[in-house]
Structure formats: C-alpha cells, structure tokens
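Single-structure report; data block below.
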Amino acid sequence: MTVTRHPVAVRYRDPDLTSLRRTSATIELQLAHRSVRSFLDSPVGDDELTAIVAAAQSAATSSNLQAWSVIAVRDPRRRARLAQLVGDQDAVRQAPLFLVWLADLGRAARLAEALDSPLEAPEYLESTILGFVDAALAAQNAALAAESLGLGTVFVGAVRNHPDRIADELHLPDRVFAAFGLAVGVPDPDEAAGVKPRLPQRAVLHHEVYDTAADTAIDTYDRRLAGYNAEYRRDAGWIEPVLARLRDRDSLKGRHLLREHLTRRGLPSR
C-alpha cells in the first residue's frame with residue numbers, strides 16, 4: 001500500500017510532522033517546490049509569460065519604486081551564450097524561457113535626466129539593496145506563479161559570475177544590474193530530483209530575540225539532508241558544503257569583485 005506523506009513532512013523530512021493546523025492550496029504548492037534542471041522541448045507561451053510577470057509585479061515593492069525589470073530570453077543562441085557565462089549550465093541552454101531579473105535604478109535615472117531633476121540616492125548602498133530586494137520579491141512571486149501553471153523553475157545566481165559580459169549580452173543600460181536568472185519550462189518527468197529538505201524551523205524561527213541555542217537542530221538536519229542526497233547518489237550533508245561554499249574568496253567564483261562591477265554599472269553603493 002502506498003503511503004502519502006503530508007507535504008510538510010516531506011519538506012522537513014520529518015515523519016513526526018503529519019499535518020498543519022492551517023493550510024491552503026497555495027501553501028501546499030510552496031511546500032512542494034523543487035528546483036527543476038531538466039526540461040521537455042515544450043515552449044512557454046506568451047499567455048503564460050504575461051501571467052507570470054503580472055504575478056511578479058504584484059509583489060511588494062519599496063515605496064512603490066518598482067526598482068526592477070526582467071528580460072525574457074527565448075532565442076536559443078542567446079540562451080546558449082548565457083549558459084556558458086553562468087558555468088555551462090544545461091538548464092539555461094535547455095529551458096525554453098530564461099528570465100534575467102534586474103536591479104533597475106536606470107529607469108528612475110533616465111526619468112530624472114529627462115526632467116532635469118537631481119538624483120543622488122542611487123549612488124548609495126541602500127538603493128542598490130533596494131533594487132536587489134525588489135527583484136527577489138518579484139522573482140519569487142514569478143516562480144510560484146510558474147509552478148501553479150505546471151511549469152518548473154530553477155534560480156541561477158551564477159549570472160553574477162560575469163556581470164560585465166552579461167550586461168553586454170543583454171545590452172543593459174547604466175544603473176541596471178543582472179541580479180540572477182530563472183530558467184522556466186515544462187519539467188522532464190524523468191529527472192531524478194525531489195523536494196529537498198530544509199532546516200528545521202527550530203533553527204530559523206526565533207521568538208522575540210535571537211537564540212543561538214537553535215543551532216542544536218543543525219546536526220539532525222545534516223543527517224536528514226545526507227539521507228536525501230544518498231537517494232540521488234550524492235554524498236553530502238549540509239554542514240560541510242555550507243562551510244566549503246563560504247570558506248574563502250575563491251569560493252565566490254569571481255563575485256568578490258561585485259562592488260567593482262556595480263560601480264562600473266553606475267551603482268557605486270557608497
């Protein structure tokens with residue numbers, strides 16, 4: 001007999017979690033999220049793209065500045081060039097739609113120039129962060145919208161590995177910076193991947209003040225993630241890869257130069 005586990009138990013890989021007192025179809029869709037890196041040869045149509053971007057634009061935005069934009073890349077040749085720039089990722093080459101999310105202070109700058117209005121705030125770190133946060137909020141809405149349409153997605157942070165070359169490829173104007181990408185398409189049902197477990201809530205949910213004792217939950221999670229990875233022939237838990245990813249400058253894969261790239265793009269982030 002097949003036993004269907006509750007989505008929250010799957011998300012945390014915790015058999016003791018069997019229900020949520022309050023849930024919804026939206027929450028269960030969120031709980032079922034996984035990264036998709038293999039796609040069928042099926043297009044994402046204009047109707048789907050319009051709906052996805054409308055959902056993205058429905059996300060919260062600081063002071064209604066809407067300091068983000070997105071470029072929809074469908075041309076296979078351009079996707080292939082972008083795939084090379086982000087570490088030769090097949091998901092970018094294969095997905096019929098690659099969305100590049102931009103922190104965009106350029107729109108306001110062009111408006112200020114047209115109206116001969118002063119514009120100093122984009123030179124400061126707060127404005128750079130604002131653009132990245134706005135783009136991230138919009139993109140997460142877009143990913144959930146895509147999944148609600150039966151599509152799969154995977155975020156691609158490696159867009160920041162070669163930001164100048166990405167900017168040239170996408171003809172980005174001044175004060176516009178590619179924050180990350182999102183590959184979108186119909187998931188290949190034969191892809192060997194599942195719902196990757198997350199840290200227990202005990203490790204991330206603090207009440208009133210930060211409690212470092214919450215770190216005691218990490219060992220349990222390390223074992224759970226190792227068990228998940230073993231099912232897909234990967235030999236890793238959580239602790240070792242996290243420390244390796246943050247070990248030194250080289251682990252950033254060129255992104256330690258991000259401030260210099262931002263400055264060249266007109267975002268000095270003072």
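All heavy atoms count here, side chains included; hydrogens, waters and symmetry mates do not. Model, not experiment: these values are computed from the prediction.
Residues L99 and I71 have side chains not in contact (no heavy-atom distance under 4.5 Å, counting atoms from C-beta outward). With contacts defined as side-chain heavy-atom distances shorter than 4.5 Å, the pair L97/F39 does not qualify. By the 4.5 Å heavy-atom criterion applied to side chains, L252 and L258 are not counted as neighbours. V73 places a side-chain heavy atom less than 4.5 Å from the side chain of L170.
If you check the side chains of N229 and E231, you find no donor sitting under 3.5 Å from an acceptor.
L82 is not connected to W101 by any chain of hydrophobic side-chain contacts under 4.5 Å among Ile, Leu, Val, Met, Phe, Trp and Tyr, and they are in different clusters. Cluster membership check: Y221 shares its hydrophobic cluster with V204, using side-chain heavy-atom separations under 4.5 Å among Ile, Leu, Val, Met, Phe, Trp and Tyr. Under a hydrophobic-cluster definition in which Ile, Leu, Val, Met, Phe, Trp and Tyr are linked whenever side-chain heavy atoms come within less than 4.5 Å, directly or via other members, L102 and V92 are assigned to the same cluster. A single hydrophobic cluster is not seen to contain both V159 and W68; linkage of ILVMFWY side chains at heavy-atom distances under 4.5 Å, directly or through other members, places them apart. Under the 4.5 Å side-chain heavy-atom criterion for ILVMFWY residues, no single connected hydrophobic cluster contains both V36 and V156.
For F98, there are no ring pair (Phe, Tyr, Trp, His ring centres under 6.0 Å) partners two or more places apart in sequence or in a different chain. Qualifying ring pair (Phe, Tyr, Trp, His ring centres under 6.0 Å) partners for Y12, counting only residues two or more places apart in sequence or in other chains: none. Applying the side chain to side chain donor-acceptor pair (under 3.5 Å) test to R270 and every residue at least two apart in sequence or in another chain returns E123, Y124.
In D88, the CG atom is crowded: over 12 heavy atoms of neighbouring residues, nucleotides or ligands sit closer than 6.0 Å. Within 6.0 Å of CG in D235 there are 12 or fewer heavy atoms belonging to other residues, nucleotides or ligands.
Taking OG of S269 as the reference point, atom CZ of F177 lies at 9.0 Å (rounded to 0.5 Å). The CZ atom of R202 sits 5.0 Å away from the OG1 atom of T216 when rounded to the nearest 0.5 Å. A distance of 13.5 Å separates CZ of R198 from CZ of R13, quoted to the nearest 0.5 Å. To the nearest 0.5 Å, the span separating NE2 on H162 from CG on L257 amounts to 11.0 Å. Note that CD of Q94 and CZ of R79 are 9.0 Å apart. Values are rounded to the nearest 0.5 Å. Atom OG1 of residue T220 and atom CG of residue L199 lie 11.0 Å apart, to the nearest 0.5 angstrom.
Ion pair D90/R93 flagged as a salt bridge, since at least one NZ, NE, NH1 or NH2 atom sits closer than 4.0 Å to an Asp/Glu carboxylate oxygen. Ion pairing between R74 and D46 holds under the 4.0 Å rule for side-chain N and carboxylate O.
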Enumerate, atom names and distances included, each donor-acceptor pair closer than 3.5 Å involving a side-chain atom of residues 53-60, sequence neighbours excluded.
{"unit_1": "S58", "atom_1": "OG", "unit_2": "A54", "atom_2": "O", "d": "2.9"}

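A distance-only check finds a donor-acceptor pair linking the side chain of E191 to the backbone of R37 [under 3.5 Å]. Judged by distance alone, the side chain of R265 and the main-chain N or O of L172 form a donor-acceptor pair under 3.5 Å. For the pair S251 (side chain) and R245 (backbone), a donor-acceptor distance under 3.5 Å is present. R11 places a side-chain N or O within donor-acceptor distance of the main-chain N or O of H33, the cut-off being under 3.5 Å. In this structure, D134 contributes its side chain and A67 its backbone to a donor-acceptor pair below 3.5 Å. R224 places no side-chain N or O within 3.5 Å of a backbone atom of D14 that could act as its donor or acceptor partner. A distance-only check finds no donor-acceptor pair linking the side chain of D47 to the backbone of T50 [under 3.5 Å]. Formation of a donor-acceptor pair under 3.5 Å by the R255 side chain with backbone atoms of R160 is not found in this model. Distance alone, capped at 3.5 Å, places no donor-acceptor pair between the R175 side chain and the L267 backbone. For D222 (side chain) and W238 (main-chain N/O), a donor-acceptor pair under 3.5 Å exists by modelled atom type.
For the residue pair V186 and S42, the shortest heavy atom distance occurs at CG2-CB, 3.8 Å. Of all non-hydrogen atoms in G185 and P96, the two that sit nearest each other are CA-CD, 3.8 Å. Smallest separation of non-hydrogen atoms from I166 and A178: CG2-CB, 3.8 Å. Residues V195 and L31 approach most closely at CG1-O, 3.6 Å, considering heavy atoms. Taking both residues in full, the closest heavy atoms of A193 and R34 are given as CB-NH1, 3.5 Å, listed atom of the first, atom of the second, then distance. When all heavy atoms are compared, the tightest approach of S127 to A121 is OG-O, 2.7 Å.
Applying the 4.5 Å side-chain rule to ILVMFWY residues, one finds L29 in the same cluster as L144.
Relative orientation of the F180 and F155 rings is perpendicular, given thresholds of 30° and 60° on the angle between their planes. The aromatic rings of Y210 and H206 lie parallel to each other, their planes meeting at an angle below 30°, with 60° marking the opposite boundary.
For residues 251-270, there are no ring pair (Phe, Tyr, Trp, His ring centres under 6.0 Å) pairs, not counting sequence neighbours.
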